[in-house]
Amino acid sequence: MNFIKKNGAGLLLCLVIAVPSWFLGQAVPVIGGPVFAILIGMVITLVLAKRDPFAPGINYTSKKILQAAVVFLGFGMNLTEILAKGRQSLPIILSTISASLIIAFILYKALKLRTNNAILVGVGSSICGGSAIAATAPVIDASDEEVAQSISVIFLFNVAAALIFPTLGAVLGLGNEGFGMFAGTAINDTSSVTAAASAWDGIHGSSTLETAAIVKMTRTLAIIPITLVLAIWRGRKEKNTEGPSFSLKRSLPFFVLFFVLASVATTVFQLPGEVTAPLKELSKFLIVMAMAAIGLNTNIVKLVKTGGKPIFTGFCCWMGIALVSLGMQHVLGIW
């Protein structure tokens, strides 16, 4: 009862934003529900006169609901099936992820970016956009403003890729398999991968969407090692500042372990689609709800003023991934 009294107003506000954002995301998948939720939240927070009654529930949603969303995301990942279908793309995926993270690190040093901004843009660009940012943000204790900024950067280049890549692929002379591999490894978010591959299929009368989707799901597996490595990195960093009393074991968030366990359970017990599909959809909705809370906690004016460096970092990561993807495909003879 105390929980509802304390958090109910904020939870309800986030839910009210999430429902229309979810449907808008379904109608315009190239933008997606999370982006709509952040934008609506940022607009509402400008006109919200009395914020205090909503604050606890908003903060709970941006932290705890986001972590729950990541756990449910694990039920959509059958490790054996994804690797069996996507192993051909593994060299390209590993190369593009490495390229993005290296570029993000170089620009973090050169531009004096905030550490969390560099990590979130690098991870979001290289793995799977909003889902990777959602999984990584609680691990590195990123602020809502940093999450909103990173999501916005990823969204910008998602839309650009969905619009440009089908024409670019045709100009480069990519075949159906080549474009499916290119879309799956070089576009950040699943919705934009789907949009680009569908556009290609519409133009060429092909069926590259399945290839692109499989490659994209294989990429998504990188969330597991990335979050674990970041948790260990943060733990060691805090150990150096807090002294020997700090426990590295405590630094590993439980939601990451539950995410891994959910993936393992889906794989080992071969959970059917009738079970995993609703959980995966629930995960997507909870992410939209969490992004609404993040939007409500974000100052849109400050976000725009400080967005130059993250946008440039996102652009460089995006270009680097695209070039490395095409280069690796050429080397491997997938064209």
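Quick caveat, the model's predicted, so the values are computed rather than measured.
Between the side chains of Asn176 and Trp200, at least one donor-acceptor pair of N or O atoms lies under 3.5 Å. Thr208 and Asp201 form a side-chain donor-acceptor contact under 3.5 Å, judged by distance and modelled atom types alone.
Among all heavy-atom pairs drawn from Ile38 and Ala148, the shortest one is CD1-CA, 4.2 Å. Contact record, Ala69 with Leu286: CB-CB, 3.6 Å, taken as the closest heavy-atom pair. Between Phe259 and Leu73 the shortest heavy-atom distance is CE1-C, 4.1 Å.
At a threshold of 4.5 Å between non-hydrogen side-chain atoms, the residues Leu296 and Leu13 count as touching. In this structure the side chain of Thr298 never reaches within 4.5 angstrom of the side chain of Glu146, judged on heavy atoms. Side-chain contact check for Thr194 versus Pro29: every heavy-atom pair is 4.5 Å or farther apart. In this structure, the side chains of Ser125 and Phe157 stay at 4.5 Å or more apart for every pair of heavy atoms. In this structure, the side chains of His330 and Leu326 stay at 4.5 Å or more apart for every pair of heavy atoms. Between Val121 and Leu113, the closest side-chain pair of non-hydrogen atoms is not below 4.5 Å. By the 4.5 Å heavy-atom criterion applied to side chains, Ile300 and Thr45 are not counted as neighbours. Residues Gln270 and Asn78 have side chains in contact (heavy-atom distance under 4.5 Å, counting atoms from C-beta outward).
By the 30° and 60° cut-offs, the orientation of the rings of Phe3 relative to Tyr60 is perpendicular. Between Trp22 and Phe285, the angle of the ring planes goes over 60°, which puts this pair in the perpendicular group of the 30/60° scheme. Aromatic ring pairs are classed by plane angle as parallel below 30°, tilted from 30° to 60° and perpendicular above 60°; the pair Phe72 and Phe75 is tilted.
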Q) Does the side-chain hydrogen bond (donor to acceptor under 3.5 Å, both in side chains) test come out yes or no for Thr185 and Arg219, once each step is laid out? A) CA-CA 7 Å; Thr185 54; Arg219 248 173 100 191; over 6 Å; no

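To the nearest 0.5 Å, atom CD1 of residue Ile321 and atom CD1 of residue Ile127 are 9.5 Å apart.
Sparse packing is recorded around NZ of Lys6, with 12 or fewer heavy atoms of other residues, nucleotides or ligands lying under 6.0 Å away. Counting non-hydrogen atoms of other residues, nucleotides and ligands closer than 6.0 Å to CZ of Phe105 gives a total of 12 or fewer. Heavy atoms of other residues, nucleotides or ligands lying less than 6.0 angstrom from CZ of Phe312 number 12 at most.
A donor-acceptor distance shorter than 3.5 angstrom exists from the side chain of Thr267 to the backbone of Leu79, with no hydrogens or angles considered.
Following chains of ILVMFWY side-chain contacts shorter than 4.5 Å, one cannot reach Ile164 starting from Ile203, and the two form parts of different hydrophobic clusters.
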